[in-house]
2 protein chains.
Amino acid sequence: MSKEITSRQVDYSQWYNDLIIKGELADYSAVRGCMVIKPYGFGLWENMRDALDKMFKDTGHVNAYFPLFVPKSLFEAEEKNAEGFAKECAIVTHYRLKNDPENKGKLIVDPEAKLEEELVVRPTSEAIIWNTYKGWIQSYRDLPILVNQWANVVRWEMRTRLFLRTAEFLWQEGHTAHATKEEALEETLKMLDVYAEFAEKYMAVPVIKGVKTASERFAGAEDTYCIEALMQDGKALQAGTSHFLGQNFAKAFDVKYSDKNNQLDYVWATSWGVSTRLIGALVMAHSDDDGLILPPKIAPLQVVIVPIYKNEEQKSLIDAKVNHILHGLKTKNIRVKYDDSDNNRPGWKFAEYEKKGVPVRLALGVRDLENNVIEIARRDTKEKQTYSLDNAVATIEALLENIQQHMFDKALAFREQNISNADNWDEFVRLLDEKAGFIAAHWDGTAETEEKIKELTKATIRCIPLNNPQEDGKCVLTGNPSKERVLFARAY
Amino acid sequence: MSKEITSRQVDYSQWYNDLIIKGELADYSAVRGCMVIKPYGFGLWENMRDALDKMFKDTGHVNAYFPLFVPKSLFEAEEKNAEGFAKECAIVTHYRLKNDPENKGKLIVDPEAKLEEELVVRPTSEAIIWNTYKGWIQSYRDLPILVNQWANVVRWEMRTRLFLRTAEFLWQEGHTAHATKEEALEETLKMLDVYAEFAEKYMAVPVIKGVKTASERFAGAEDTYCIEALMQDGKALQAGTSHFLGQNFAKAFDVKYSDKNNQLDYVWATSWGVSTRLIGALVMAHSDDDGLILPPKIAPLQVVIVPIYKNEEQKSLIDAKVNHILHGLKTKNIRVKYDDSDNNRPGWKFAEYEKKGVPVRLALGVRDLENNVIEIARRDTKEKQTYSLDNAVATIEALLENIQQHMFDKALAFREQNISNADNWDEFVRLLDEKAGFIAAHWDGTAETEEKIKELTKATIRCIPLNNPQEDGKCVLTGNPSKERVLFARAY
Ligand SMILES: [Zn+2]
Ligand SMILES: [Zn+2]
């Protein structure tokens with residue numbers, strides 16, 4: 001397999017696939033639309049998951065686990081939700097295989113083991129969870145319920161992309177139950193803030209918080225809030241959603257609570273989720289033509305050390321010094337690897353870790369030892385610099401922080417440069433085609449116009465930003481009056 | 001719902017279910033044979049998972065993730081494995097629902113969305129993983145592969161029990177690939193040791209390490225090693241297995257590597273797993289008629305503090321002292337909760353935390369403050385003792401360690417008392433019925449005799465212990481010669 005990565009200019013989509021495959025984040029699998037998350041990619045996901053999990057727990061949430069399967073009768077209970085997911089569900093219909101009588105060594109589905117009621121492999125878990133909550137909630141004392149689940153879900157997508165859109169993906173889904181509308185709304189926005197903070201502080205990806213239009217809402221939600229990120233090709237990517245579900249699921253599953261005055265009322269709900277899709281966002285936001293660029297806070301490997309030597313004597317001098325640095329870095333909980341394998345030359349290793357996006361690379365030779373210096377290269381800017389060996393650990397620690405901040409700043413500057421106002425249709429179309437990015441434009445507020453714009457340009461309303469400035473204007477398509485600009489973009 | 005727990009004497013099986021449900025570990029679900037793991041139960045599983053995960057990583061393993069679905073043609077590739085699991089597989093046959101034309105608001109499986117090839121919901125992942133490894137392994141340089149996966153799996157069981165046997169369960173499955181038989185065997189036994197250490201040090205459950213007979217082997221394995229634990233009713237429970245797979249899967253999926261001399265050979269394999277079933281073992285090994293008894297190392301909550309007060313003035317005096325203790329305990333990473341809710345009286349809270357198996361309970365009233373003492377109750381022995389408030393934190397820390405050790409010692413003593421030698425058939429049957437536990441007996445080594453004994457007594461050979469003493473004897477059933485005793489028991 002070639003080590004070459006297709007450049008962004010030549011084929012952006014191939015560049016992305018090359019990064020994922022050659023950076024060893026994931027692999028195609030034998031199952032249509034499903035991927036294998038390789039150890040390096042899974043290490044990245046573990047770091048993301050652990051940081052998010054801590055943020056969830058710090059905001060009072062606990063984890064639980066609900067069944068993979070949803071009986072069809074439960075699945076269809078909340079009608080809009082069912083309608084939204086029905087077309088992309090994997091369905092279990094049988095529970096046994098048997099030997100194929102006509103083909104020795106082969107198996108067939110046993111027709112006698114047909115389920116009375118089919119099971120839907122969860123595309124999302126509102127139905128099974130709200131059916132469970134019914135048994136957990138009687139009084140206001142049982143509220144709020146602040147539960148999260150880390151799980152796999154399946155949505156049968158026809159056109160799949162590694163991480164961005166796969167039939168099976170990993171995600172977390174929070175499902176909370178509240179006594180009041182206000183509390184549920186507060187929770188919805190609190191978790192949107194958690195997602196935004198995670199995206200910006202850990203992934204170094206700036207995001208815009210906003211609310212979806214009715215046609216882009218989660219099926220079964222009253223309102224869907226989201227964080228939207230911008231990729232290097234000027235397309236937007238929805239990086240997380242937080243839904244205010246109103247009383248829809250409580251009504252569908254008859255979940256009522258008695259308040260302090262013994263009055264019965266339906267429970268208020270939220271749900272919120274982010275998935276392995278975030279890895280796709282991370283890759284496309286930061287990487288370059290030489291490979292991945294991973295933010296230090298979540299990089300599986302933060303530092304790699306490569307020795308440069310000609311013989312065993314040199315090697316052991318280097319080893320001694322490196323062991324000292326390794327110890328110092330590990331004491332600081334810095335994830336470091338000393339690659340002293342003799343299978344490959346230093347140049348090969350440099351390219352390899354560049355491809356994998358390791359934030360900091362150290363190279364150390366005997367000449368460096370004599371001069372008491374070490375060469376430190378940062379992946380993001382590709383700058384190399386020579387530092388004193390005396391305070392290498394402190395230098396690296398500061399550099400990791402610097403890289404994290406610099407990656408965010410760069411992505412933010414790019415995003416800011418790529419939000420444009422369009423005040424008429426020609427401008428709108430020209431900007432979309434020539435510059436892309438987010439386009440802030442007036443819209444008349446109708447689903448018809450939204451749909452028409454999507455048909456004409458493939459651009460969708462990504463969101464109405466929170467705290468959006470109000471201004472009078474005219475819809476870019478219809479010229480009808482509008483009170484605020486909304487953000488359009490072509491999107492993943 | 002009654003707070004009462006059925007006693008072990010009255011109905012052991014109901015006692016177990018009561019502990020799980022009333023201890024809030026899990027709940028039944030709307031899906032046949034699937035359970036909901038409640039937050040308290042999931043907190044326990046998280047602690048177990050994190051401890052195991054660290055042990056896996058400390059022994060050089062990394063995590064990855066493979067698809068939930070296995071195409072039928074891959075599933076059937078390793079014939080014995082397929083045969084072993086074919087009868088209990090959930091099968092996905094369709095990928096879409098549509099509106100029921102005859103029943104508004106209802107959905108039916110869309111017959112036009114039938115899969116060309118059915119997908120098996122993984123009952124275990126050897127097939128999909130070895131099909132993937134084929135692409136990862138060319139040369140000895142690619143070996144070993146030391147990968148673990150945390151995942152859900154589905155085995156369609158007809159008779160289910162919470163945690164012990166559920167259609168869907170959570171587990172980890174290690175899948176390793178090696179250049180030599182010796183290395184694979186070493187890995188198999190290394191992971192058996194990891195499991196035994198985890199069971200004994202974290203779960204406080206003593207286990208016997210051994211190897212399964214041919215008829216009890218994992219389908220597709222050359223040898224299955226296991227750890228076997230003893231429950232309080234004298235039945236055994238297989239708590240973990242580690243399989244030496246030989247070259248079976250490498251041959252089924254054509255996975256070869258070239259060695260240093262460029263010779264091609266099939267790769268050697270192991271797999272090993274433990275599941276949420278461990279929670280069932282934990283519950284049945286330690287608990288009593290008042291509820292769960294959880295070992296401190298993995299208990300979701302290690303310490304609970306209950307204030308005893310008559311008015312707000314008293315309460316604030318107690319609060320001040322408790323906050324001091326809380327701070328001290330949290331500094332030591334002890335999982336503690338101050339239950340000062342005024343919904344329930346102290347006596348109710350005592351019973352509640354007893355039921356949930358919280359290892360240590362503190363009660364603090366104003367009289368105690370005056371005397372500078374605190375009442376500390378340990379869940380395992382139910383002993384209560386008054387200690388000086390001055391070194392409460394150190395006292396609690398030591399007590400937690402003491403409880404952990406005491407729980408193990410008690411379970412070990414029970415196990416030792418319940419291993420009996422049987423030297424003839426009458427003795428074998430009598431011991432099984434009157435005493436239960438493990439019975440060490442001679443067996444003639446044939447599958448026929450093993451099967452006959454199972455038919456007659458429901459006892460199975462749990463394992464042939466590692467380092468089993470060799471002695472001449474006669475099979476308890478047939479009288480044929482035997483070189484060693486094996487361990488029989490009725491089992492979960
Ligand atoms: Zn948005
Ligand atoms: Zn055994």
Side-chain angles (χ1 to χ4, degrees), chain A residues 27 29-31 34-39 41-43 45-46 62-72 74-76 79 82-83 86-99 105-109 118-121 128 131-132 135-136 141 147 151-152 154 156 167-168 170 343, chain B residues 27 29-31 34-39 41-43 45-46 62-72 74-76 79 82-83 86-99 105-109 118-121 128 131-132 135-136 141 147 151-152 154 156 167-168 170 343:
Chain A
D27 218 345
S29 85
V31 192
C34 293
M35 67 176 170
V36 171
I37 305 180
K38 295 186 81 168
F42 203 83
W45 177 243
E46 284 180 315
V62 289
N63 290 326
Y65 188 76
F66 298 86
L68 170 67
F69 300 131
V70 188
K72 187 164 68 67
L74 289 186
F75 181 78
E76 64 199 4
E79 220 168 314
E83 203 179 290
K87 291 200 183 71
E88 53 187 42
C89 285
I91 317 287
V92 174
T93 56
H94 293 73
Y95 57 85
R96 198 162 64 215
L97 294 170
K98 64 170 194 175
N99 291 322
K106 302 292 176 180
L107 297 167
I108 55 169
V109 175
E118 295 91 348
L119 298 173
V120 176
V121 181
I128 189 78
N131 181 65
T132 306
W136 293 4
R141 285 197 183 86
V147 162
N152 54 342
V154 172
W156 205 269
E168 182 192 14
L170 303 184
N343 288 340
Chain B
D27 218 345
S29 86
V31 192
C34 292
M35 66 177 172
V36 171
I37 306 180
K38 295 187 81 168
F42 203 82
W45 177 242
E46 284 180 315
V62 289
N63 289 326
Y65 189 75
F66 298 86
L68 170 66
F69 299 132
V70 187
K72 187 163 69 65
L74 289 186
F75 181 78
E76 64 199 5
E79 221 169 312
E83 202 179 292
K87 291 200 182 71
E88 52 187 42
C89 285
I91 317 287
V92 175
T93 56
H94 292 74
Y95 57 85
R96 196 161 66 213
L97 294 169
K98 65 171 193 175
N99 292 321
K106 303 291 177 182
L107 298 166
I108 54 170
V109 174
E118 295 93 347
L119 298 172
V120 176
V121 181
I128 190 79
N131 181 64
T132 306
W136 293 4
R141 285 198 184 85
V147 163
N152 53 344
V154 172
W156 205 269
E168 181 193 14
L170 302 184
N343 288 341

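So that the names make sense, note that chain A is the first sequence line, chain B the second, and so on, each numbered from 1.
- Not a single salt bridge (Lys or Arg N to Asp or Glu O under 4.0 Å) links A:K87 to another residue, sequence neighbours left out.
- In this structure, the portion of B:W136 lying under 4.5 Å from any heavy atom of chain A is its side chain and not its backbone.
- In terms of heavy atoms, B:T93 sits closest to A:H94 at CG2-ND1, 4.1 Å.
- For A:E88, the CD atom counts as densely surrounded, since its 6.0 Å shell holds more than 12 non-hydrogen atoms of other residues, nucleotides or ligands.
- Only the side chain of B:T132 comes within contact range of chain A, judged by heavy atoms closer than 4.5 Å.
- If you measure heavy-atom distances from B:K38 to chain A, the contacts under 4.5 Å come from both the backbone and the side chain.
- The greatest number of non-hydrogen atom pairs below 4.5 Å with chain A, out of B:D27, B:L74, B:V147, is found for B:D27.
- Only the side chain of A:K72 comes within contact range of chain B, with heavy atoms under 4.5 Å apart.
- Side-chain contact check for A:L68 versus B:V121: some heavy-atom pair is nearer than 4.5 Å.
- The candidate from B:A64, B:P71, B:G135 with the greatest count of non-hydrogen atom pairs under 4.5 Å with chain A is B:A64.
- Expressed to the nearest 0.5 Å, how far CD of A:E118 lies from CG of B:L97 amounts to 8.0 Å.
- Of the two parts of B:E79, only the side chain, counted from C-beta on, holds a non-hydrogen atom closer than 4.5 Å to a non-hydrogen atom of chain A.
- The two residues B:E168 and A:P67 make their nearest non-hydrogen contact at OE1-CA, 3.3 Å.
- Note: A:F69 and B:W156 have tilted aromatic rings, judged against thresholds of 30 and 60 degrees for the angle between ring planes.
- If you tally non-hydrogen atom pairs under 4.5 Å between each of B:N131, B:N152, B:V62 and chain A, the highest count goes to B:N152.
- Contact count versus chain A (heavy atoms, under 4.5 Å) is highest, among B:C34, B:P39, B:S29, for B:P39.
- For B:N63, the side-chain hydrogen bond (donor to acceptor under 3.5 Å, both in side chains) partners at least two apart in sequence or on another chain are A:E46, B:D53, B:N148.
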